[in-house]
Each structure stands twice: as C-alpha cells, then as structure tokens.
Amino acid sequence: MTVQLNHTIVESRDKREAATFFAEILGLPDPQAYGPFLVLQTGNEVSLDFIDAQGSVHPQHYAFLVTDEEFDEVLARIKDRGLSYWADPFHGQPNEINHNDGGRGVYWSDPNGHNLEIITRPYGG
Ligand SMILES: [Fe+2]
C-alpha cells in the first residue's frame, strides 16, 4: 500500500492553547501557522492541524507511538501539570498505566476533552 495518512484537523476552542498543549506535553516542535491552522508535525510526518471550532468541539481520540524514554518524559509532564491520567480509554483506572502488548500505555485529556493516548508498542504489536 502507498496510501499514507498525511494530516488531520483537530478542533479546539482556542487553537493556540490546544496546539501548544500538545507540543509541550509530547515534546514536539512549536506549531507553525498555515492558513487558518496551527500545524503540529509529528515524527512520522503526519501533521495535526489545529483550528478554532465553529461551535462546540466534538472530542476525538488521538494516539501517539513513543519510545520508552519519551513515555517517561510525557508521563512526567502529565504528572508535573497535575493532570488526571488513566490506564484505559474509558477513564476507569485512574493514576495507572497499562502494559498492553508488552509495552506501556496511558490516557489523558487535552483542554478540549480530546482523549489522548501514548503507547510504546502498536496495538497487537
Ligand atoms: Fe487508542
């Protein structure tokens, strides 16, 4: 297959606040303006294009594959900010991480209610 995901749009009440939150928590470069978007580039060249929502934000799920070292760094930032985090996508296991697929994973929320996840192994990996 040659089809690759290139970008997706992330709705937010305040694109600057949301894009900065993602960049800081994940340790990614500063978002760059492109038209009405603030573009956050990820390591596999898929960009998250933040935009101010017209009306209410519909929460989505965004999952990021990270190294073990990055996992430690991101989880430390989550804790430093006093954010809630969970081992599961339904937020039923607070203050825990999971060890699915022989790796580590954790969920937390962005300021708009998007359900964020980091994993060190792909699902089924
Ligand atoms: Fe997921």
Side-chain angles (χ1 to χ4, degrees):
M1 283 188 293
T2 60
V3 178
Q4 301 178 344
L5 181 63
N6 179 260
H7 65 274
T8 189
I9 293 174
V10 181
E11 283 190 330
S12 46
R13 286 186 299 270
D14 179 330
K15 64 184 177 185
R16 174 70 61 186
E17 174 195 40
T20 301
F21 177 88
F22 273 62
E24 289 179 351
I25 285 278
L26 294 169
L28 291 170
D30 291 341
Q32 302 296 314
Y34 180 77
F37 304 103
L38 275 175
V39 176
L40 190 64
Q41 201 70 46
T42 68
N44 59 341
E45 301 183 10
V46 177
S47 68
L48 301 177
D49 300 354
F50 290 80
I51 195 166
D52 290 330
Q54 305 298 310
S56 59
V57 174
H58 304 283
Q60 303 291 327
H61 173 49
Y62 300 100
F64 302 91
L65 182 64
V66 298
T67 65
D68 280 306
E69 182 180 1
E70 289 166 341
F71 186 95
D72 291 336
E73 293 169 356
V74 175
L75 184 57
R77 292 185 198 109
I78 291 169
K79 291 178 178 177
D80 284 347
R81 289 174 179 233
L83 300 176
S84 299
Y85 62 94
W86 299 267
D88 65 298
F90 308 108
H91 297 181
Q93 301 171 61
N95 305 314
E96 293 180 39
I97 67 169
N98 67 61
H99 294 86
N100 299 342
D101 299 305
R104 292 183 292 166
V106 71
Y107 297 80
W108 76 104
S109 297
D110 94 321
N112 295 281
H114 294 306
N115 193 16
L116 308 185
E117 175 185 18
I118 49 171
I119 50 176
T120 60
R121 299 267 178 86
Y123 284 7

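Computed from a prediction, not measured in an experiment: that's the story for all the values here.
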Is there a donor-acceptor pair closer than 3.5 Å between any side-chain N or O of [X] and the backbone N or O of [Y]?
X	Y	value
N6	V46	no
D101	G103	no
R13	P111	yes
E73	E70	no
K15	P36	yes
D30	A23	no
N112	S12	no

Atom CZ of R81: over 12 foreign heavy atoms under 6.0 Å: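 More than 12 heavy atoms, drawn from other residues, nucleotides or ligands, come within 6.0 Å of this atom.
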
With side chains defined as the heavy atoms from C-beta onward, is the minimum distance between [X] and [Y] less than 4.5 Å?
X	Y	answer
D72	R104	yes
I97	F71	yes
F21	L83	yes
L38	L48	no

Closest non-hydrogen atom pair, [X] against [Y]:
X	Y	result
T120	D68	CG2-OD1, 3.7 Å
H91	N115	NE2-OD1, 2.8 Å
W86	S109	CZ3-OG, 4.2 Å
P59	G113	CB-O, 3.4 Å
D49	H7	OD2-CD2, 3.5 Å

Kindly work out whether a path of hydrophobic side-chain contacts (I/L/V/M/F/W/Y, heavy atoms less than 4.5 Å apart) joins [X] to [Y].
X	Y	result
L75	I119	no
Y107	L116	no
I51	L40	no
Y62	Y85	yes
L28	W108	yes

Rounded at 0.5 Å granularity, tell me how far [atom1] in [X] sits from [atom2] in [Y].
X	Y	atom1	atom2	result
Q60	T8	CD	OG1	8.0 Å
R77	I25	CZ	CD1	7.5 Å
Y123	N100	OH	CG	7.5 Å

Side chains of E117 and H61, donor plus acceptor under 3.5 Å: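 Yes, a side-chain donor-acceptor pair sits under 3.5 Å.
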
Donor-acceptor side-chain pairing of N44 and T42 below 3.5 angstrom: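 Note: N44 and T42 side chains meet the donor-acceptor criterion.
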
Aromatic plane relationship, H114 with F22 - under 30° parallel, 30 to 60° tilted, over 60° perpendicular: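 If you compare the ring of F22 with that of H114, the planes turn out perpendicular.
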
